[in-house]
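It should be emphasised that the depicted structure is a prediction, and the values quoted were computed from it without experimental measurement. Naming convention: chains lettered A, B, ... in sequence-line order (proteins, then strands); numbering from 1 in each chain.
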Amino acid sequence: GENVEQHPSTLSVQEGDSAVIKCTYSDSASNYFPWYKQELGKGPQLIIDIRSNVGEKKDQRIAVTLNKTAKHFSLHITETQPEDSAVYFCAASRAGGTSYGKLTFGQGTILTVHP
Amino acid sequence: GAVVSQHPSWVICKSGTSVKIECRSLDFQATTMFWYRQFPKQSLMLMATSNEGSKATYEQGVEKDKFLINHASLTLSTLTVTSAHPEDSSFYICSAHSGNVVREQYFGPGTRLTVT
């Protein structure tokens with residue numbers, strides 16, 4: 001089955017700096033890669049996603065890049081703000097079969113943005 | 001994005017009793033719902049995949065007789081933890097999407113279960 005590795009486990013930055021979180025996946029058939037933000041005591045919130053036919057996607061201060069050959073994808077947050085502090089999870093899934101879009105999650109990254 | 005609700009948001013029960021958690025898609029029809037469990041400072045672990053009108057598919061190591069899942073309609077799935085024990089205390093989260101082609105999964109706010 002799919003295995004997703006996420007690094008770093010914790011990330012501390014100053015407000016205004018950029019933050020980068022990286023994930024690698026093992027199943028070359030995976031073709032959908034979402035990123036979720038989870039605040040304490042809440043469910044994950046989808047912040048951005050990318051499909052395998054695209055190399056990069058950007059939404060304001062957030063961007064995701066995908067390297068299918070190397071099987072890794074990254075989340076980039078620019079001009080970080082204290083409210084960006086949360087746990088971020090990457091995930092991967094594949095189309096077809098009986099997977100029904102089942103997601104495999106990375107281990108999570110605790111991002112702390114210091115004012 | 002689509003909205004998924006869960007009820008209750010938290011529950012405390014005594015060991016040996018059963019607890020039911022509801023997951024609803026509020027503004028779309030969810031053909032597939034997923035149930036996850038999350039322990040403190042850990043990632044989400046998929047417990048089972050639930051398709052409307054059919055039996056749930058459980059992940060390896062998850063006891064189907066202990067965690068009963070019912071997906072009776074396109075907007076509602078329920079998870080019942082039977083004969084709960086303290087080790088079942090966890091954060092239970094559901095997610096839903098509207099079809100096999102659409103990949104976006106929308107998550108509920110989670111239910112904190114504490115078994116005393």
Between NZ on residue B:K41 and OG on residue A:S9, distance to nearest 0.5 Å: 11.5 Å
Residue B:H7 excluded, over 12 heavy atoms near NE2 under 6.0 Å: no
Would you say A:I48 ends up clustered with A:F33 if hydrophobic residues are merged whenever their side chains have heavy atoms under 4.5 Å apart, either directly or through other cluster members? yes
Less than 4.5 Å to any heavy atom of chain A: does that hold for the side chain of B:E59, its backbone, both, or neither? side chain
Is there a path of hydrophobic side-chain contacts, each under 4.5 Å between heavy atoms of I, L, V, M, F, W or Y residues, that connects A:V64 with A:Y32? no
Indicate yes or no for a side-chain donor-acceptor contact from B:S43 to the backbone of A:G106 under 3.5 Å, with no hydrogens or angles considered. yes
Quick check for you: to the nearest 0.5 Å, what is the distance between A:L103 atom CG and B:F34 atom CZ? 6.5 Å
Distance only, no hydrogens: is a donor on one side chain within 3.5 Å (strictly under) of an acceptor on the other, for B:Q38 and A:Q38? yes
Residue part contacting chain B, namely of A:P44, when any heavy atom lies under 4.5 Å: both
For atom NZ of B:K55, is the number of surrounding heavy atoms from other residues, nucleotides or ligands below 6.0 Å larger than 12? no
Has A:E79 got more than 12 heavy atoms of other residues, nucleotides or ligands less than 6.0 Å from its CD? no
How long is the gap from CD on B:Q105 to CG on A:D49, to the nearest 0.5 Å? 11.5 Å
Greater than 12 external heavy atoms within 6.0 Å of A:Q60's CD: no
Against chain A, label B:L46 side chain, backbone, both or neither, depending on which of its atoms sit under 4.5 Å from a heavy atom there. side chain
